[in-house]
Amino acid sequence: MKKGVCPKCQSKEVYSGASVSMKSGMSHSNTIPVTGFRMAALDNYVCGQCGYVESYVAKEKDLAAIRKKWPLAF
Ligand SMILES: [Zn+2]
């Protein structure tokens, strides 16, 4: 989806929220908890046709913390 194609409907009308300001504001909107009080901001990609949303951890250091602290899913 980062490459601009929706995986659900194959539309090429994909919008990037990666540069939206305040994506990790006071309310922790658009973040996920990593560990303790640490929150990771997300970059969202939205399909303009079907509305599908895909999210990615925005910062490499948050992704590194997740790799260190979280168990593998299976
Ligand atoms: Zn779509």
So which heavy atom on Met1 is nearest to which on Val46, and how close?
CE-C, 3.9 Å
Do Lys2 and Val14 make a side-chain contact, defined as non-hydrogen atoms from C-beta onward lying under 4.5 Å apart?
no
Apply side-chain contact (heavy atoms from CB on, under 4.5 Å) to Leu63 and list each qualifying residue two or more places apart in sequence or on a separate chain.
Val57, Glu60, Arg67
Within the structure provided, determine whether Tyr52 and Cys9 are in side-chain contact (heavy-atom separation under 4.5 Å).
no
Glu54 side chain near Lys8 side chain, heavy-atom distance below 4.5 Å
no
Does the side-chain contact (heavy atoms from CB on, under 4.5 Å) test come out yes or no for Lys12 and Lys3, once each step is laid out?
CA-CA 9 Å; Lys12 290 184 177 175; Lys3 291 176 179 167; over 6 Å; no
Trp70 side chain reached by Val34 side chain, heavy atoms, under 4.5 Å:
yes
Treating Asn30 as the side-chain partner and Leu42 as the backbone partner, does any N or O pair qualify as donor plus acceptor under 3.5 Å?
yes
Contacts of Lys69 that satisfy side-chain contact (heavy atoms from CB on, under 4.5 Å) - sequence neighbours left out
Thr35
Can you find a heavy atom in the side chain of Cys6 that is under 4.5 Å from one in the side chain of Glu13?
no
Heavy-atom pair with the smallest gap, counting every atom of Asp62 and Met39:
OD2-O, 4.0 Å
Do Tyr45 and Tyr56 have side-chain heavy atoms sitting under 4.5 Å apart?
yes
